Amino acid sequence: MFGIGDFARRGQVSVRMLRHYDAIGLLPPAFVDPVSGYRSYSAAQLARLNRLVALKDLGFTLQQVGAILDERVSPEELRGMLRLRRAELAASVAAEAARLAQVEARLRAIESEGCMSAADVVVKPVPAVRVAELRAVAEGHEPAFIGPVVGPLFAELADRLSAAGVTPVGPGIAYYEPTGDRGAVTVHAALPVGADVAAKRAFEVVVLPAIEAATLVHQGSMDDVMPTVQALGVWLEEHGYRSTGLPREVYLDVPDDVAGWVTELQEPVVRGI
C-alpha cells in the first residue's frame, strides 16, 4: 500500500487531483483509516489512474472517463479509443496549423503591398506545350492546401515518367481550376514531354494552348506567393488587361532550399474590359 503522497509521485499527478478523483468517485483509495482519515492506495490502482489521466488528457470529460472506466473496457478496446481520439486531436492541430499559416501568409501580403515594381511584369506570347500530367483535388487555393497536394503530385509524376522511360523536356508547370462550389480546386502537375510521348495509364498527356500572358517572376517559397499573385492582379487592372483563362506556375529553378526557388507566374490575358 502507498500513502497518498507516494502514490501521487508514482502516478505523476498531484495529491490535490487524487483527492478530487476520490471526491467524485473516480478513484477512491483502497483503504481509508477510520481514525486518521489517512488514504492508502494499492499498486493495482496505478492501472486505473493511468487510464483516467490518459482519457482526460485526450479531451474526454471526467463524466465520460468514469463511464469508460466503469464499463471495464479491455486494454485493446481502450487502445483503439485512444488511437481514434489521438487522430482527432492530430487533425485538429493540423487544421489550426493550416489556419495559422494562412494568417501569416495574409500578413506577409499586407506587409508587402506596394513593394513590387510594375516594371517587373512582362506581357509575352507563350507557345503551346505538350505535357504529361497528374491531377488531384485540394481543399482551397491557400498555400496550406495547395502545397501538400502539388508537391507529392510532381514527385509521383516524375516517378511514373521515369518508369515509362520518358525524360521531361522543360520545367514543371502547375495550374489550377475551380472544382465544385465549396472552394476546392483541381491541381494539375505537369511536365513538358516530347511529341513522341503518348498518354499512358500512368499519366495523361495534354497540350496546353498557346497564350498571350502577363508574367511576373516570384522568388522564394510558394508559401509566400500571395503578394506576387496580388501584385500581378493590380498591374492587370491598372494597365487595362483582363484574365482569360487558368493561370500557370512555371518552376524555372527549384533547388532543395525553397528560399532559392524561381517561379514564373503566367496569367492569360487580353487588353480591354
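Everything quoted here is computed from the prediction, not taken from an experiment.
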Asker: Spell out, as yes or no, whether a donor-acceptor pair under 3.5 Å connects the side chain of Arg160 to the backbone of Ala202.
Answerer: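 Judged by distance alone, yes, a pair lies under 3.5 Å.
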Asker: Are Val206 and Leu246 co-members of a hydrophobic cluster defined by side-chain heavy atoms under 4.5 Å apart?
Answerer: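 Yes, Leu246 connects to Val206 through the hydrophobic network.
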Asker: Taking the side chain from Thr179 and the backbone from Thr186, do they hold a donor-acceptor pair closer than 3.5 Å?
Answerer: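 Yes.
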Asker: When you compare the side chains of Glu212 and Tyr241, does any donor N or O come within less than 3.5 Å of an acceptor on the partner?
Answerer: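 Result is no, nothing qualifies.
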Asker: Identify the heavy atoms of Val197 and Val205 that sit nearest to each other, and give their distance.
Answerer: O-CG1, 4.0 Å
Asker: Before you tell me yes or no, could you show the steps for Val269 and Arg242 under side-chain contact (heavy atoms from CB on, under 4.5 Å), namely the whole-Å CA-CA distance, both residues' side-chain angles and the distance that decides it to 0.1 Å?
Answerer: CA-CA 5 Å; Val269 295; Arg242 62 180 177 86; over 6 Å; no
Asker: So among Phe7, Phe2, Tyr21, which one has a ring pair (Phe, Tyr, Trp, His ring centres under 6.0 Å) with Tyr41?
Answerer: Phe7
Asker: Ignoring hydrogens and angles, tell me if any N or O in the side chain of Glu238 forms a donor-acceptor pair with the backbone of Trp235 under 3.5 Å.
Answerer: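 No; zero donor-acceptor contacts below 3.5 Å.
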Asker: Hey, could you give me the CG/NZ distance between Leu161 and Lys200, rounded to the nearest 0.5 Å?
Answerer: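 Rounded to the nearest 0.5 Å, the CG-NZ separation comes out at 10.0 Å.
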Asker: State yes or no: are the ring centers of Tyr38 and Phe31 separated by less than 6.0 Å?
Answerer: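 Not close enough - the centres of the two rings lie 6.0 Å or further apart.
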Asker: Is it true that a side-chain atom of Gln230 and a backbone atom of Pro227 form a donor plus acceptor pair closer than 3.5 Å?
Answerer: no
Asker: Can you give me the closest heavy-atom contact between Pro192 and Pro171, atom names plus distance?
Answerer: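 So the minimum-distance heavy-atom pair works out to CD-O, 3.1 Å.
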Asker: Are any of the side-chain heavy atoms of Met222 and Thr263 separated by less than 4.5 Å?
Answerer: yes
Asker: So, do Arg248 and Ile211 sit near enough that their side-chain heavy atoms are less than 4.5 Å apart?
Answerer: yes
Asker: When hydrophobic residues are tied together by side-chain contacts of less than 4.5 Å, even through go-betweens, does Val150 share a cluster with Val229?
Answerer: yes
Asker: I'd like to check Leu232 versus Val121 (side-chain heavy atoms, cut-off strictly below 4.5 Å). Are they in contact?
Answerer: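 The answer is yes; the side chains approach within 4.5 Å.
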Asker: Side chains of His20 and Leu62: does their closest heavy-atom pair fall under 4.5 Å?
Answerer: yes
Asker: With hydrophobic residues grouped by side-chain heavy-atom distances under 4.5 Å, do Val270 and Leu208 end up in a single group?
Answerer: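 The answer is no; the residues belong to distinct hydrophobic clusters.
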Asker: Which heavy atom of Ser40 sits nearest to which heavy atom of Met1, and what is that distance?
Answerer: CB-CE, 3.6 Å
Asker: Are the side chains of Phe203 and Val131 in touch, meaning some heavy atoms are under 4.5 Å apart?
Answerer: no
Asker: Pair Arg86, Asp57 - check salt bridge (charged side-chain N to carboxylate O under 4.0 Å, His left out), show working.
Answerer: CA-CA 10 Å; Arg86 181 178 62 186; Asp57 288 349; over 6 Å; no
Asker: Would you compute the distance between atom CD of Glu264 and atom CD1 of Ile173 and round it to the nearest 0.5 angstrom?
Answerer: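 Rounded to the nearest 0.5 Å, the CD-CD1 separation comes to 10.0 Å.
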Asker: Would you find a donor on one side and an acceptor on the other, under 3.5 Å apart, between the side chain of Arg39 and the backbone of Arg19?
Answerer: no
Asker: Any side-chain heavy-atom pair from Glu133 and Leu191 closer than 4.5 angstrom?
Answerer: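 They are not in contact (no side-chain heavy atoms under 4.5 Å apart), so the answer is no.
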Asker: So which atom in Leu157 and which in Ala132 form the shortest heavy-atom distance, rounded to 0.1 Å?
Answerer: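 Closest approach of Leu157 to Ala132: CD2-O, 3.4 Å.
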Asker: Could you tell me whether the side chain of Asp33 and the main chain of Ser36 form a donor-acceptor pair under 3.5 Å?
Answerer: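 Pair found, side chain donor or acceptor close to backbone of Ser36.
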Asker: Applying side-chain contact (heavy atoms from CB on, under 4.5 Å), run through Val217 and Asp120 and close with a yes or a no.
Answerer: CA-CA 8 Å; Val217 173; Asp120 294 331; over 6 Å; no
Asker: Quick one: NE2 on His218 to CE on Met226, what's the gap to the nearest 0.5 Å?
Answerer: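 Going from NE2 on His218 over to CE on Met226, the span is 11.0 Å.
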Asker: Can you see whether Glu267 engages Ser243 through a side-chain donor-acceptor pair at a distance of less than 3.5 angstrom?
Answerer: yes
Asker: Can you check side-chain contact (heavy atoms from CB on, under 4.5 Å) on Leu52 and Leu69, steps first, answer last?
Answerer: CA-CA 8 Å; Leu52 191 164; Leu69 294 177; 4.0 Å; yes
Asker: Just checking, any donor-acceptor pair under 3.5 angstrom between side chains of Tyr176 and Glu249?
Answerer: yes
Asker: Under 4.5 Å between side-chain heavy atoms, hopping through other hydrophobics if needed: is there a path connecting Ile68 to Leu49?
Answerer: yes
Asker: Please check if Ile4 and Val32 belong to a single hydrophobic cluster, counting links between Ile, Leu, Val, Met, Phe, Trp and Tyr side chain heavy atoms closer than 4.5 Å.
Answerer: no
Asker: Do the side chains of Val187 and Tyr175 get nearer than 4.5 Å, heavy atoms only?
Answerer: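 A side-chain contact is absent here, since even the closest heavy-atom pair is not under 4.5 Å.
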Asker: Less than 4.5 Å apart, any side-chain heavy atom of Val185 and any of Ile146?
Answerer: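 Counting from C-beta outward, Val185 and Ile146 do come under 4.5 Å.
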Asker: Grab the two heavy atoms, one from Ala231 and one from Leu216, that are nearest each other, plus how far apart they are.
Answerer: CB-CD2, 4.3 Å
Asker: Between Tyr251 and Trp261, what is the ring plane arrangement, given parallel below 30°, perpendicular above 60°, and tilted in between?
Answerer: perpendicular
Asker: If every non-hydrogen atom of Leu26 is compared with every non-hydrogen atom of Gly66, which pair is closest and at what distance?
Answerer: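 What the structure gives for the nearest pair is CD2-CA, 3.3 Å.
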Asker: So how far is it from Arg48 CZ to Leu46 CG, rounded to the nearest 0.5 Å?
Answerer: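 It is 13.0 Å, given to the nearest 0.5 Å.
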